[in-house]
Number of protein chains: 2
Amino acid sequence: MKLNLEEITKELKNKNIRLSHHRLKVLEFLNDNRIHPTVDQIYIQLHKELPTLSKTTVYNSLNALVDAGLVKVLTIEDNETRYDIVTDNHGHFKCESCGKIYDFEINLSSFQSKDLDDFKINNRDIYFKGICPDCIQQ
Amino acid sequence: MKLNLEEITKELKNKNIRLSHHRLKVLEFLNDNRIHPTVDQIYIQLHKELPTLSKTTVYNSLNALVDAGLVKVLTIEDNETRYDIVTDNHGHFKCESCGKIYDFEINLSSFQSKDLDDFKINNRDIYFKGICPDCIQQ
DNA sequence: AATAAGTTTGTAATCATTACAAGTTAGCAA
DNA sequence: TTGCTAACTTGTAATGATTACAAACTTATT
Ligand SMILES: [Mn+2]
Ligand SMILES: [Mn+2]
Ligand SMILES: [Zn+2]
Ligand SMILES: [Zn+2]
């Protein structure tokens with residue numbers, strides 16, 4: 001999938017965030033590598049192309065992109081923050097054997113609970129864990 | 001609700017974990033304060049009664065209780081691990097205004113995703129965020 | 001080109017969590 | 001009851017992720 005730069009620049013402009021060279025690289029990485037990467041995975045890879053890139057910039061860029069709503073944070077594991085360029089609602093499954101994170105489609109609006117009738121829900125995260133088919137076969 | 005000590009001791013024994021004085025205190029705190037507390041909240045409170053208690057012991061105790069399946073970890077926020085003595089499946093809602101975490105009932109097994117037909121699911125976490133009724137009224 | 005606002009960098013600081021070694025306690029068996 | 005051993009607790013040090021900050025740099029606008 002190709003990034004729509006005009007669209008993205010517009011989104012960012014609303015929040016006085018510039019689409020700098022490095023931020024674009026981070027976006028490209030997320031777009032080309034749909035693996036819900038950690039900061040380190042992004043940094044190590046991009047640093048090969050951009051030797052002057054600092055890890056702080058990766059953090060700054062990701063925070064700016066999250067603020068602009070272009071990227072979503074995943075806290076499926078408590079010791080590693082991951083990032084997802086797909087912001088449409090979907091569920092995440094982490095394999096406890098190989099560590100891979102899978103997307104799955106799920107109708108989140110069907111998750112109604114009477115207990116929440118009077119609550120304003122802004123965000124829904126669904127995290128499952130278990131064993132993926134590849135690892136079951138071993 | 002009263003803790004069933006025999007039951008708990010048996011659970012722990014299976015894993016060679018003793019129900020020591022401090023662990024029992026941590027369990028009691030979780031049982032009496034259904035607020036999904038952080039390590040710090042537990043430590044600060046218990047330290048008043050047990051001045052020699054160290055924070056490491058709170059971590060050790062919680063890890064042991066989680067290993068034994070008596071306590072569940074919540075990673076609803078990436079910068080603070082929380083703990084729940086209620087291990088039955090239920091959802092969690094965090095109010096972005098007051099920070100309070102609410103339980104809600106939800107039938108997780110009734111929501112299947114075809115994408116996960118071949119996956120073995122061990123754990124399901126549902127985290128919602130938004131504004132709670134108390135904060136909406138302000 | 002001048003300007004101002006936003007960005008990047010490197011380093012230092014912070015915060016949560018774990019590692020470790022030494023001393024203490026609990027549970028079991030003699 | 002006593003002693004033994006494994007498990008537990010403690011304090012401190014180490015680790016790892018993330019943020020703070022100031023100086024240098026870049027970008028967009030005039
Ligand atoms: Mn995803
Ligand atoms: Mn709960
Ligand atoms: Zn797997
Ligand atoms: Zn609230």
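Per chain, numbering begins at 1; letters A, B, ... match sequence-line order.
Separating the NZ atom of B/K55 from the P atom of C/dA16 is a distance of 6 Å, rounded to the nearest angstrom. Atom NZ in A/K15 sits about 15 Å away from atom P in C/dG6, given to the nearest Å. When rounded to the nearest whole Å, the span between CG of B/N16 and C1' of C/dC28 equals 13 Å. For the pair B/N60 CG and D/dC8 P, the computed distance is 9 Å after rounding to whole Å. Taking atom OH of B/Y83 as the reference point, atom P of C/dA16 lies 12 Å away to the nearest angstrom. Atom OH in B/Y43 sits about 16 Å away from atom P in C/dC15, given to the nearest Å. If you measure from atom CG of B/L12 to atom C1' of D/dC8, you get 13 Å, rounded to the nearest angstrom. Going from atom NE2 of A/H21 over to atom C1' of C/dG6 covers 17 Å, rounded to whole Å.
In this structure, of D/dC21, C/dG27, C/dA5, it is C/dA5 that holds the atom nearest to the side chain of A/R18. Here the side chain of B/R23 is nearest to one of D/dT26, C/dT9, D/dC8, namely D/dC8. Taking the side chain of A/T56 as heavy atoms from C-beta on, and the options D/dT10, C/dT18, D/dC21, the nearest nucleotide is D/dC21.
Classification of B/E80 and B/K94 as a salt-bridged pair holds, one side-chain N sitting under 4.0 Å from a carboxylate O.
For D/dT10, one of the phosphate oxygens OP1 or OP2 lies less than 4.0 angstrom from a side-chain nitrogen or oxygen of B/T52. When the side-chain nitrogen and oxygen atoms of B/Y59 are compared with OP1 and OP2 of C/dT18, none of them lie within a distance under 4.0 Å. OP1 or OP2 of C/dC28 has at least one side-chain nitrogen or oxygen of B/K13 nearer than 4.0 Å. Phosphate proximity of C/dT17 to B/T81: present, with a side-chain N or O under 4.0 Å from OP1 or OP2. Close to D/dT9, at under 4.0 Å from its OP1 or OP2, lies no side-chain N or O of B/T57.
Around atom CD of A/E105, no more than 12 heavy atoms belonging to other residues, nucleotides or ligands sit under 6.0 Å away.
Side-chain atoms of B/N60 and B/H22 form no donor-acceptor pair, as typed in the model, at a separation below 3.5 Å.
Using a 4.0 Å heavy-atom cutoff across all strands shown, B/N63 reaches sugar-phosphate atoms only and no base atom.
Both B/L19 and A/V39 lie near DNA chain D, and the one whose nearest nucleotide falls closer to the 5' end is B/L19. Nearest-nucleotide mapping onto DNA chain C: of B/S20 and A/H22, the residue sitting toward the 5' end is A/H22.
Taking the six-membered ring where the residue is Trp, B/H90 and B/H36 present tilted rings, their angle falling between 30° and 60°. The aromatic rings of B/H92 and B/Y127 sit tilted relative to each other, their planes meeting at an angle between 30° and 60°.
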